[in-house]
Asker: 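To start, I am sharing the structure in question, which I have written as structure tokens.
Keep in mind it's a predicted model, so treat the numbers as computed, not measured. Letters A, B, ... are given to chains in the order of the sequence lines, protein chains preceding strands, and every chain is numbered from 1.
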Amino acid sequence: MSFLVDVYVKCGNMDDARKVFDNLPRRNVVAWTTLIAGYAQNSLPKHGILAFQEMLHAGSYPSAYTLAVVLNACASLYSLKLGDQFHAYIIKYHVEFDTNVGNALCSLYSKCGMLEYALKAFRRIRQKNVVSWTSAVSACGDNGAAVKGLKLFLEMISENIEPNEFTVTSVLSQCCAIQSLEFGTQVRTLCVKFGYESNLHVRNSLLYLYIKNGCIGEAQRLFNGMDDVSLVTWNAMIAGHAQMMELTKDNLSSCEYGSEALKFFSKLNRSGIKPDLYTFSSVLTICSRIMALEQGEQIHAQIIKAGFLSDVIVGTSLVNMYNKCGSIERASKAFLEMSTRTMILWTSMITGFSQHGMSQQALRLFGDMRLTRVKPNAVTFVGVLAACSHAGMLNQALNYFEIMQKRYKITPVMDHYEIMVDMFVRLGRLEQALNCIKKINCAPSESIWSIFIAGCRSHGNMELGFYAAEQLLSLKPKDTETYVLLLNMYHSAGRSEDVSRVRKMMKEKNVGKLKDWSWISIKNKVYSFETTDKTHPESSVICKSLEDLLAKAKSLGYEMLESVEILDEEEGEKTSSPTFYHSEKLAITFGLENLPSSSPVRVVKSTILCRDSHNFIKYVSTLSGREIILRDSKRLHKFVNGKCSCGNFCGFL
DNA sequence: CTAGGGTTAG
């Protein structure tokens, strides 16, 4: 009669299963076990364990299978305590060599983070089946011992045990964890042999394998051949493209990967599968990188509808997206609407104000944060110090720098020193800046010297600049922008032998060319621009508009800085670089013409903005009456009515 | 009984 219990169990109706069980004339082991397994299968492991205790109380002897079922209930509760308690029965009934019991023990120990015990339980099993092997292999993977897991898998193969879909899925994810494309590829061959390649789990694992190894093309090929997909598949493709954005040095392809990722997101929406919080945070981050505010807003609306706004991480991504897109108002609004505020959320908002040049608001918010007793970390202080630096609040900065170390026990890192140096430089205190650099107890970074050198140039202290340049060069810099800074400095000082020396170093170090790209996102499409010369055929229309703008700006008093900034031309070519046609100018011109007249223009630029461009854009913001938000490789510039939020101080001057 | 994955600040 216990089969009736099973019927209700299979229907997920445990209440009636229990009633039927209670009315059974005789309750044997099978009936009890069916009931216990039923509770476990229907996510009621605690009831299952209670039923087991009831069973012992009633004087029934559990079978090995009963014990296996109970152990699985413990495993789903991650309860080692209960598991240990039942281990006594396993010894008592001499069932530790039983396959089901061993499998269950292996899984229980694995879930509780005790890999060694899991493997011991596995080794004790007399007749190991595929499940035993798979449990043991997965146990390794779940506990971060991928190499061990793969070795065990090889042992399994050599024992002529045929893996199943479960096994290969776990093995593939372990190949992914240790980034072993070679092993993974061999496993894929095995999957083909056994006909597992069409299994969705297997395919998703393969997708991640390729993505983690940067083989986005192979991932795409695999994806295109899939007719059955799940949310895991979509998230993998989105995350994969987002990762490629960071991996590529080339900013043009980076932004292409970004828009590609967003295309996957729209396809996901059309597919009818509901995105989850991971999807939302990923796509918001992508929007923030390419400054796709319109899409970010649409996603915001979708998040509200889907009810994910209460998630802190989604909320933080949202605040960050608005900050990075230059919309501090909406960032602030989203921040205030969040019910829980983590340290990262506070930091994100403080940094947002700081980057927008709103120092007072940033510091006030930091005060609020301290009142709520959320502890700041090193990143929080990056925002706080930058706010002080921006406002020229020297004493406050020094004060916070001390509070950070003494009160919060945070050791300053390069980021903090860079801000302090930047501040001294802004105030024209070059000696103090240099002292600050000298105080750092490790090698100063490339960018800290760059900040200092740029400061020396703008304050006309060339001697100090040349000295710092030697220090910088001895560090063997890697960054193209660093070299360009030096080239410009030596060039404008007429030191041609130093120019050739730096160029030679660039060749030796194989430093790439400075790729100056700007892009603008309009209506879910990304348009990119490269610094070009006048004769560029495709941009002739934009160039014409740009020339009109230039003429108007000149009538307002704009003077183009004729100082020849060397960009990346080869040695021997003495052509001056066409600062007039800098990519950001083209992108902004394009934006002015193709966006609604009230809409701000948002542009991302791959390199640091130069002084001339900065000056020009100020005029353009006055001329057009538009807000222009430009994010370059170092900071955010928000131009409103001839003024810029950066306080007119950028490193590349 | 054993399976896939992933997010936020600089």
Asker: Grab the CG-P distance between A/D98 and B/dC1 for me, whole Å please.
Answerer: 15 Å
Asker: Could you state the atom-to-atom distance from CD1 of A/I273 to P of B/dG5 in whole Å?
Answerer: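 Nearest whole value for this atom pair: 18 Å.
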Asker: Hey, does A/E418 reach any base, or is it just sugar-phosphate, or nothing, if we go heavy atoms under 4.0 Å?
Answerer: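 No contact.
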Asker: For the residue pair A/S445 and A/E418, confirm or rule out a side-chain donor-acceptor distance under 3.5 Å.
Answerer: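 The criterion, which ignores hydrogens and geometry beyond distance, is satisfied for A/E418 and A/S445.
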Asker: Grab the CD-C1' distance between A/E162 and B/dT2 for me, whole Å please.
Answerer: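 For the pair A/E162 CD and B/dT2 C1', the rounded distance is 16 Å.
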Asker: In whole angstrom, give the distance that lies between atom CZ of A/F308 and atom P of B/dT8.
Answerer: 16 Å
Asker: If you compare all heavy atoms of A/S288 against all heavy atoms of A/T285, which two are closest, and at what distance to 0.1 Å?
Answerer: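 What the structure gives for the nearest pair is OG-O, 2.7 Å.
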Asker: Taking only N and O in the side chain of A/Q355, is any of them less than 4.0 Å away from OP1 or OP2 of B/dA9?
Answerer: no
Asker: For the pair made of CD1 in A/I303 and P in B/dT7, what is the distance, rounded to whole Å?
Answerer: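 From A/I303 CD1 to B/dT7 P: 16 Å.
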Asker: How would you label the contact of A/M343 with the nucleic acid (heavy atoms, under 4.0 Å): base, sugar-phosphate, or nothing?
Answerer: base
Asker: Need to verify one output field. Residue with the more 5' nearest nucleotide on DNA chain B, A/K111 or A/D311?
Answerer: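 First, find each residue's nearest nucleotide; the 5'-ward one identifies A/K111.
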Asker: Which part of the nucleic acid, if any, lies within reach of A/N235 when heavy atoms closer than 4.0 Å are counted: base, sugar-phosphate only, or nothing?
Answerer: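 Result for A/N235 = base.
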Asker: Expressed in angstrom and rounded to an integer, what is the separation of A/R635 atom CZ from B/dG10 atom C1'?
Answerer: 14 Å
Asker: Is the shortest side-chain N/O distance from A/Q174 to OP1 or OP2 of B/dA3 below 4.0 Å?
Answerer: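 So the side-chain polar atoms of A/Q174 never come under 4.0 Å of the phosphate oxygens OP1 or OP2 of B/dA3.
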Asker: On the ring face of A/F122, is A/K128 found with NZ or CZ under 6.0 Å from the centre and within 45° of the axis?
Answerer: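 Verdict for A/F122: a cation-pi partner in A/K128.
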Asker: Looking only at side-chain atoms of A/S107, point me to the closest of B/dA9, B/dG5, B/dT2.
Answerer: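 From the listed options, B/dT2 comes nearest.
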Asker: Just to confirm, is there a sub-4.0 Å distance from OP1 or OP2 of B/dG10 to any side-chain nitrogen or oxygen of A/K324?
Answerer: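 It does, given that an N or O in the side chain of A/K324 lies less than 4.0 Å from OP1 or OP2 of B/dG10.
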Asker: Is it the case that A/E446 and A/T482 place a side-chain donor and acceptor less than 3.5 Å from each other?
Answerer: yes
Asker: By nearest atom, which of the nucleotides B/dT8, B/dC1, B/dT2 is closest to the A/Q41 side chain?
Answerer: B/dC1
Asker: Using a 6.0 Å distance limit plus a 45 degree cone around the ring axis, check whether A/K267 lies over the aromatic ring of A/F264.
Answerer: yes
Asker: Can a side chain N or O of A/T285 be found less than 4.0 Å away from OP1 or OP2 on B/dT8?
Answerer: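 It does, given that an N or O in the side chain of A/T285 lies less than 4.0 Å from OP1 or OP2 of B/dT8.
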Asker: Which one, B/dC1, B/dA9, B/dT7, comes nearest to the side chain of A/S282?
Answerer: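 So the side chain of A/S282 is nearest to B/dT7.
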Asker: Out of B/dG5, B/dC1, B/dA3, which nucleotide sits closest to the side chain of A/V131?
Answerer: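 Looking only at heavy atoms from C-beta outward on A/V131, the closest nucleotide is B/dC1.
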Asker: Check whether A/F97 forms a cation-pi arrangement with A/R126 (NZ or CZ under 6.0 Å from the six-membered ring centre, at most 45° off the ring normal).
Answerer: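 Yes - A/R126 lies over the ring of A/F97, closer than 6.0 Å to its centre and within 45° of its axis.
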Asker: When you check the phosphate oxygens OP1 and OP2 of B/dT7, does a side-chain N or O of A/T316 lie under 4.0 Å from one of them?
Answerer: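 Indeed not, no polar side-chain atom of A/T316 lies that close.
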Asker: Look at the side chain of A/S348 against the base of B/dA9 and say whether a donor-acceptor pair falls under 3.5 Å; ignore hydrogens and angles.
Answerer: no
Asker: Between B/dG5 atom P and A/L206 atom CG, what is the distance in whole Å?
Answerer: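 So the CG-P distance, A/L206 to B/dG5, works out to 12 Å.
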Asker: Can you find a side-chain donor-acceptor pair between A/T380 and A/N377 that sits under 3.5 Å?
Answerer: yes
Asker: In this structure, how many angstroms lie between the C1' atom of B/dT2 and the CD atom of A/Q127, rounded?
Answerer: 18 Å
Asker: Taking only heavy atoms on the protein side, list every residue of residues 195-202 of chain A lying under 4.0 Å from any atom of DNA chain B, sorted numerically.
Answerer: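 Nucleic-acid contacts, sorted: A/N199, A/L200, A/H201.
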Asker: For A/Y117, I'd like to know if atom OH has over 12 heavy atoms of other residues, nucleotides or ligands within 6.0 Å.
Answerer: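 No, OH of A/Y117 has 12 or fewer neighbouring heavy atoms, counting only those of other groups under 6.0 Å.
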Asker: When all nucleic acid strands are considered with a 4.0 Å heavy-atom cut-off, which category describes A/T99: base, sugar-phosphate, or nothing?
Answerer: nothing
Asker: Nearest of B/dA9, B/dA3, B/dC1 to any side-chain atom of A/E165?
Answerer: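 Given the options B/dA9, B/dA3, B/dC1, the side chain of A/E165 is closest to B/dA3.
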Asker: Any base atoms under 4.0 Å from A/V232, or only sugar-phosphate, or nothing? Heavy atoms, all strands.
Answerer: base
Asker: Apply side-chain hydrogen bond (donor to acceptor under 3.5 Å, both in side chains) to the pair A/S317 and A/N320, showing each step before the final yes or no.
Answerer: CA-CA 5 Å; A/S317 311; A/N320 182 47; over 6 Å; no
Asker: So what does A/N320 hit on the nucleic acid, given a heavy-atom distance under 4.0 Å: a base, only sugar-phosphate, or nothing?
Answerer: sugar-phosphate
Asker: What contact category does A/N323 fall into here, base, sugar-phosphate, or nothing, at under 4.0 angstrom with non-hydrogen atoms?
Answerer: nothing
Asker: Would you please determine if the base of B/dT2 is stacked by A/F166, with stacking meaning a centroid separation under 5.5 angstrom and planes under 30 degrees?
Answerer: yes
Asker: Would you indicate which nucleotide in B/dT7, B/dT8, B/dT2 comes nearest to any side-chain atom of A/Y278?
Answerer: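 Out of B/dT7, B/dT8, B/dT2, the nucleotide with an atom closest to A/Y278's side chain is B/dT7.
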